[in-house]
Number of protein chains: 2
Amino acid sequence: MAMNGPNHNHDAHLTMQVVNHIRKLIENGTLRPGDKIPPEREFAQKLKISRASLRAGIGHLAAMGVLNVRHGVGTFVAVGPPALGGVSLDILRALHGYTSAQMFEARRILESNLAALAAERGREEHFTALAEEVTEMYATFHEPQEYLIHDMRFHRTIAEASGNPILAVLMETITAALYDERRKTVERSQDLRQSAEIHRALYRAIRSRNAKEARAIMEQHLELAESAQRSEQALAKEEKRLSAKKKSRRARA
Amino acid sequence: MAMNGPNHNHDAHLTMQVVNHIRKLIENGTLRPGDKIPPEREFAQKLKISRASLRAGIGHLAAMGVLNVRHGVGTFVAVGPPALGGVSLDILRALHGYTSAQMFEARRILESNLAALAAERGREEHFTALAEEVTEMYATFHEPQEYLIHDMRFHRTIAEASGNPILAVLMETITAALYDERRKTVERSQDLRQSAEIHRALYRAIRSRNAKEARAIMEQHLELAESAQRSEQALAKEEKRLSAKKKSRRARA
DNA sequence: TACCTTGTAGTGGTTAGACCACTGCCGCGA
DNA sequence: TCGCGGCAGTGGTCTAACCACTACAAGGTA
């Protein structure tokens with residue numbers, strides 16, 4: 001029994017045809033990062049499919065971070081940060097039972113290696129950028145939200161300096177998932193100055209191309225960060241519990 | 001920044017509302033892995049949006065691997081498998097210039113750590129599974145495609161034994177990207193028996209809980225694998241060049 | 001009984017065309 | 001010169017109908 005009927009080729013769903021089509025255009029260089037793809041109506045007509053189907057495919061690629069859709073402007077091939085994840089680990093945690101401890105462990109492994117690689121391969125421009133962030137951290141250790149930005153930039157710069165964008169992306173994926181929690185707890189942090197000092201030490205190890213020390217400091221840093229975040233989270237939880245109790249008392253009144 | 005204005009809440013597009021809505025249902029446990037979400041027509045009505053918009057949101061989540069859509073059956077919350085990647089590194093390579101060397105390096109770092117963790121935390125069931133795969137590798141080292149399956153299972157089992165599913169998923173993402181190439185070159189491989197022996201050594205190190213040795217063997221194994229694949233790939237390329245020349249000669253005749 | 005065909009209901013996939021909402025920019029008018 | 005109104009282009013949403021796939025049940029056939 002052959003596949004008779006009015007339908008032929010169908011690689012799979014039309015959606016996937018669109019995805020593969022655009023993917024190929026990107027892979028063979030027809031579309032390059034930053035390029036604009038044709039307007040949906042026009043593109044759909046060219047591919048001989050409905051606009052809805054085209055949009056389904058574009059949606060897929062957008063969800064994966066390959067395309068960047070701007071309402072009222074156009075759709076563009078993504079440029080810059082890849083965004084491999086897309087699935088904030090939050091949902092993976094709910095879905096597969098990932099724990100914070102596992103995320104921290106993954107981060108520790110990735111970042112300690114990134115630090116070592118950065119020490120081996122970092123270039124002057126990276127060192128300069130790292131130094132700047134350290135300076136900023138010292139200048140803002142009384143402003144948690146501000147500080148956090150420089151903290152993240154520091155780590156991201158190390159990832160860049162490692163010369164391995166794949167590892168950098170993986171780290172970014174994990175870090176992003178931890179960011180929300182971190183932003184909440186950093187306000188309570190009492191030791192941002194100490195944190196800045198650790199980062200300075202890390203910077204010096206990297207700059208002096210001491211891979212072993214860079215790795216060691218990074219490991220220690222992240223272990224400390226984890227335990228600190230844990231205790232602060234526990235505190236926050238406790239406070240929340242108390243305020244909830246207060247609230248319910250008010251509600252009864 | 002208050003959320004007032006003519007338009008209400010609107011997190012963003014309707015699509016994102018749908019994504020967040022379903023995400024929350026999963027995060028708070030209303031929807032659990034394997035569960036079926038309501039039929040599109042019904043669900044759309046319940047959310048007071050059009051079926052098209054609902055589908056856009058579902059498409060997003062499906063692209064991220066959170067939902068699993070089965071034509072003619074229904075849409076289900078993903079269960080088990082990885083689903084972090086989504087973007088096969090192939091496209092990232094085309095998009096951001098990732099090289100094979102970088103992928104191998106990332107893999108080396110991840111797997112060596114996974115091996116060490118597996119040695120520390122692996123359970124009896126993992127050891128048994130590893131032993132089985134090693135046996136199978138010896139039994140099939142003359143059948144490359146078959147061998148490759150057991151090879152991959154072996155590595156995947158180590159990842160599971162590490163007790164950190166996040167690292168396992170990251171590894172899976174990278175490995176998947178390398179798989180296609182590997183499948184092509186493994187046919188030419190002359191030393192699968194030697195490969196099996198390395199795996200057996202690795203198994204023994206893990207089983208005896210010698211994390212340091214496990215890490216070392218894994219690193220060595222992957223370095224060898226990389227250089228082997230490189231040279232085989234070079235050979236294949238050369239042959240292809242020759243056969244193309246031959247072909248063009250035939251064509252002229 | 002055992003097997004296979006044929007419906008059929010339920011679900012996702014696709015289509016068409018219309019209209020809404022946002023962005024960028026051009027030109028009119030103060 | 002400056003500001004703002006409006007227009008054109010583009011993505012976002014809606015509707016409603018129909019197509020395609022899957023599973024399963026009912027009936028026929030050996």
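Naming convention: chains lettered A, B, ... in sequence-line order (proteins, then strands); numbering from 1 in each chain. From a predicted model like this one, the values you see are computed outputs, not experimental measurements.
- The distance from atom NZ of A:Lys36 to atom P of C:dT23 is 16 Å, rounded to the nearest whole Å.
- In this structure, B:Glu40 places its CD atom 16 Å from P of D:dC21, rounding to the nearest Å.
- In terms of position on DNA chain C, the residue among A:Thr15 and A:Arg51 whose nearest nucleotide sits closer to the 5' end is A:Thr15.
- Residue A:Arg70 places its side chain closer to C:dG24 than to any other of C:dG24, D:dG11, C:dG13.
- Residue A:Thr75 has its side chain nearest to D:dG11 when only C:dT14, C:dG12, D:dG11 are considered.
- The closest side-chain donor-acceptor pair between B:His126 and B:Glu160, if any, does not fall under 3.5 angstrom.
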Checklist entry - Going through the distances and angles, do A:His199 and A:His150 end up as a ring pair (Phe, Tyr, Trp, His ring centres under 6.0 Å)? => result CA-CA 11 Å; A:His199 284 86; A:His150 297 295; over 10 Å; no

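- The nearest whole Å value for the distance from the CZ atom in A:Arg55 to the P atom in C:dT15 is 14 Å.
- For A:Pro39, whose side chain is taken as the heavy atoms from C-beta onward, the closest listed nucleotide among D:dC14, D:dG11, C:dG13 is D:dG11.
- Remark: B:Gln45 CD is loosely packed, at most 12 non-hydrogen atoms of other residues, nucleotides or ligands lying under 6.0 Å away.
- Distances from the side chain of B:Val69 to the nucleotides C:dC22, C:dG13, D:dC14 place C:dG13 closest.
- In this structure, A:His60 atom NE2 and C:dG12 atom P are separated by 15 Å, rounded to whole Å.
- B:Asn164 and A:Gln102 form no side-chain donor-acceptor contact under 3.5 Å, judged by distance and modelled atom types alone.
- Look at CG on B:Asn68: it is 11 Å from P on C:dG13, rounded to the nearest Å.
- The base of D:dG11 is paired with the side chain of A:Arg41 by a donor and an acceptor separated by under 3.5 Å.
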